[in-house]
Amino acid sequence: MAAAPRPRRRPTVIVGSVDSSSSSDDEEELEDEEVEDASENGDEDKGKGQSGASLEKVSGKKLSSITISLKKVCKVCKENGHQAGFQGATYIDCPKKPCFLCKMPGHTTMSCPHRVALEHGVVPAPRRNKQTQLDYVFDRQLISQIQKIKPTFIIPDKLDRVVVKFHSRRITSLEFHPTRSSVLLSGDKKGQIGVWDYNKPNEKTIYGSIHSCIVNNMKFDGRNDFMLYTSSSDGTMSYTDLETGIGVLLMDVNPNGWNGPASWRMLYGMDTNLDKGLVLVADNFGYLYLFDIRERVKIGEPILIHRKGSKVVGLHFNPVHPDLLLSSGNDHFAHMWDIRRLESGSSLASLAHGRVVNSAYFSPHTGSKIMTTSQDNRIRVWDSVFGNLISPSREIVHSHDFNRHLTPFRAEWDPKDPSESLAVIGRYISENYNGVALHPIDFIDTSTGHLVAEVIDPDLTTISPVNKLHPRDDILATGSSRSLCIWRPGLEDEEKETERKKEFIFWSADGLGNLHKNAYNLRKNKSDLHGNYRDRDRLRPKRTE
DNA sequence: ATAAGATGTGCCC
DNA sequence: TGGGCACCCTCTTA
């Protein structure tokens, strides 16, 4: 049956595996069959068994293992006949698996209804029409504080400055300085904390001895602009003077040192509460620790706030109601707590998610909305903290579910949006932009689920899970692998835009604390991409009504 | 240029 | 309930 093509089997297979797009379907089919022969030799198959046996005789196991490794199987489902992976800059899904974007079976990412350009899908929550009494109270008391007319969204979508290799490992957290507007703080996987004035690119500092591994959270002391609280997977919480780099170790949850990975406590969530004089941190075993700022002591015993043994990923205090705390965990829940009554199992509300919750934030002004990011590829929004929290007001399908080797994606509110609807989040799956696979940073109107803008630059090819919007300026900071990026709004004026492009600065650090102004490393097809990018600008709404 | 490896989470038993 | 293993669009370094 397959006797004729066999003699040229090996070269054909090798070529096919190296450049699969050039080989025809027929050849692929034959290769598949042959491979099965080789791997199944010893079977009583008639014609096939013979050739398999001779293969074995001639070159033994080595040859057969080579043949197997070149087998044209799908790397996802391990079946023959199709392959998942990149074809050029487009990723082809395995058709046997549920959609990689929305997780529903029956279609792939390419044909997913949620992948419609510029509009990710919104799933209306089932209980939307049931108003509770609390909803009514909310409407009366708080709705007046929320702007009804949406403001103009100004999207910082032009890459302004980049620092690469400033950090030696990937960036895990970002924070703008509360008063010095152009100062950005960045924490990395190695525990280093960078301070960078992006308007004076040479003014940058790295503090390397505050933490020894992942900086999970940074939070300024609201009363002292140069003091910073940080929490880390090294199990410590520190309070550091950014002018000097001198810090105080406030808490170490591994007082007995290292006793293996199973017992090592790491601090993930952290937030401060000035009204109460508290810093709260939470660990990877489900426990919450309270720390008294004035007395500089731990308060009481740790409280189990998520499933025992599961990581508490994030903590956030309500900006208006200082008694309300939001926690998110990898037990698939976000919980809202009254910190006056903090006991295991006594949360005010339990927000169920399909998978791990990466983050949960109150809205920045009224504190009346909640937005969560979950590994089930959904951003969930609850419109009223005091209303029905059983199911979210909206679920927005968005690709952000990769969880290994990447900092978890978190949808963050735009602190400048008085309507509390604009959010920013990096996207995991790439889009083919004129032949280059890029991972955009998405701006989403969470009141509608519409994608307001997708921010890309042809030279930023890595995924951007860490994003922070400036509290006052129209600036976006992005941590993408080891690169730090500053984005500003594109100028309407073409001439000014060209002018700015001339000033575009691409900096790199040499690891000795020096920054170098580099020649901008143009990609071969960069001009094409910019053309494409400009076209996309046309689609980007500047205002929404 | 290619390959390994650092990793977190889910799901299996 | 816990250990073992598999794992879809990474990124860096050897």
Side-chain angles (χ1 to χ4, degrees), chain A residues 14 17-19 66 69-70 73-79 82-105 107-110 112 115 164-172 188-191 213-214 216 233 260-264 266 268 283-286 306-314 328-333 353-358 374-377 398-409 426-433 435-440 442 456 459-466 479-483 508 511:
Chain A
I14 290 163
S17 81
V18 170
D19 183 11
I66 287 173
S69 73
L70 294 169
V73 294
C74 171
K75 64 178 179 182
V76 177
C77 72
K78 310 282 188 255
E79 285 179 37
H82 65 274
Q83 271 190 312
F86 273 109
Q87 279 180 21
T90 306
Y91 190 92
I92 308 299
D93 263 9
C94 168
K96 299 277 170 76
K97 290 278 183 173
C99 172
F100 194 53
L101 173 56
C102 75
K103 309 300 176 195
M104 302 302 281
H107 64 271
T108 62
T109 308
M110 290 298 273
C112 178
R115 199 195 168 102
V164 286
K165 303 194 178 183
F166 178 35
H167 286 271
S168 61
R169 291 291 132 87
R170 68 165 205 254
I171 286 152
T172 55
D188 72 17
K189 193 171 164 287
K190 205 181 172 189
C213 63
I214 311 177
N216 290 310
S233 292
S263 62
W264 184 256
M266 305 184 251
Y268 280 86
D283 71 11
N284 54 328
F285 291 97
H306 280 271
R307 183 166 57 83
K308 194 168 187 177
S310 74
K311 187 200 290 178
V312 181
V313 178
S328 46
N330 73 352
D331 59 355
H332 302 192
F333 277 97
H353 291 70
R355 286 177 68 193
V356 169
V357 188
N358 291 349
S374 169
Q375 295 279 26
D376 66 358
N377 267 359
H398 180 263
S399 169
H400 53 249
D401 70 331
F402 197 66
N403 51 31
R404 229 168 109 192
H405 314 130
L406 273 185
T407 309
F409 292 86
R427 196 192 304 174
Y428 173 41
I429 51 174
S430 59
E431 200 67 50
N432 183 341
Y433 294 93
V436 181
L438 298 175
H439 308 268
D442 291 329
I456 54 159
D459 279 292
L460 187 67
T461 54
T462 47
I463 294 175
S464 306
V466 189
S480 187
S481 186
R482 289 162 64 181
S483 302
S508 70

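Chain letters run A, B, ... following the sequence lines, proteins first, then strands; residues in each count from 1. What you are looking at is a predicted structure, and each value in this text was computed from that prediction instead of being measured.
- Residues satisfying the salt bridge (charged side-chain N to carboxylate O under 4.0 Å, His left out) test with K97(A), not counting sequence neighbours, are none.
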Identify the pairs formed between an N or O of the protein and an N or O of nucleotides 11-14 of chain C at a distance under 3.5 Å, and give each distance.
| unit_1 | atom_1 | unit_2 | atom_2 | d |
| --- | --- | --- | --- | --- |
| dC11(C) | OP1 | I463(A) | N | 2.8 |
| dC11(C) | O3' | S481(A) | OG | 3.1 |
| dT12(C) | OP1 | S481(A) | OG | 2.6 |
| dT13(C) | OP1 | R482(A) | NH1 | 2.7 |

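- For the salt bridge (charged side-chain N to carboxylate O under 4.0 Å, His left out) test, residues two or more places apart in sequence or in another chain that qualify with D283(A) are R265(A).
- A distance of about 15 Å separates the P atoms of dA14(C) and dT7(B), rounded to the whole Å.
- The residue K311(A) sits close only to the backbone: its heavy atoms come under 4.0 Å of sugar-phosphate atoms, none of a base.
- When DNA chain B is scanned in the 5' to 3' direction for atoms under 4.0 Å from non-hydrogen atoms of chain A, the outermost contacting nucleotides are dA6(B) to dG10(B).
- Between N377(A) and S399(A), the side chains place no donor N or O within less than 3.5 Å of an acceptor N or O (distance only, hydrogens not considered).
- Here the separation of dC8(C) from dC12(B), taken at their P atoms, is 14 Å to the nearest Å.
- Using cut-offs of 30° and 60° on the angle between ring planes, the pair H439(A) and Y428(A) is parallel.
- Closest non-hydrogen pair, S168(A) versus D188(A), comes out as N-OD2, 4.0 Å.
- Within 4.0 Å (heavy atoms only), K189(A) reaches sugar-phosphate atoms of the nucleic acid but no base atom.
- Rounded to whole angstrom, the span from the NE2 atom of H400(A) across to the C1' atom of dC9(C) amounts to 15 Å.
- Residues S480(A) and I463(A) share a closest heavy-atom pair of OG-O, 2.7 Å.
- P465(A) comes within contact range of no nucleotide atom at all, as no heavy-atom separation falls under 4.0 Å.
- A donor-acceptor pair under 3.5 Å is absent between the side-chain atoms of R169(A) and the main chain of S481(A), judged by distance alone.
- Annotation: salt bridge (charged side-chain N to carboxylate O under 4.0 Å, His left out) contacts of D401(A) (sequence neighbours excluded): K103(A).
- Taking for each of R404(A) and H332(A) the nucleotide of DNA chain B with the nearest heavy atom, the 5'-most of the two is the partner of R404(A).
- As rounded to whole Å, 15 Å separates atom C1' of dA6(C) from atom NZ of K75(A).
- The CG-P distance, from L460(A) to dT10(C), rounds to 14 Å in whole Å.
- If you check the side chains of N358(A) and S328(A), you find no donor sitting under 3.5 Å from an acceptor.
- Side chain of R427(A) to backbone of D442(A): no donor-acceptor contact under 3.5 angstrom is found.
- Atoms NE2 and CZ, from H405(A) and R170(A) in turn, are 8.5 Å apart once rounded to the nearest 0.5 Å.
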Would you tabulate the pairs of protein nitrogen or oxygen atoms and nucleotide nitrogen or oxygen atoms of nucleotides 1-5 of chain C closer than 3.5 angstrom?
none

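- Residue-nucleotide stacking is present for F100(A) and dC8(C), judged by a side-chain ring centre under 5.5 Å from the six-membered base ring centre and planes under 30° apart.
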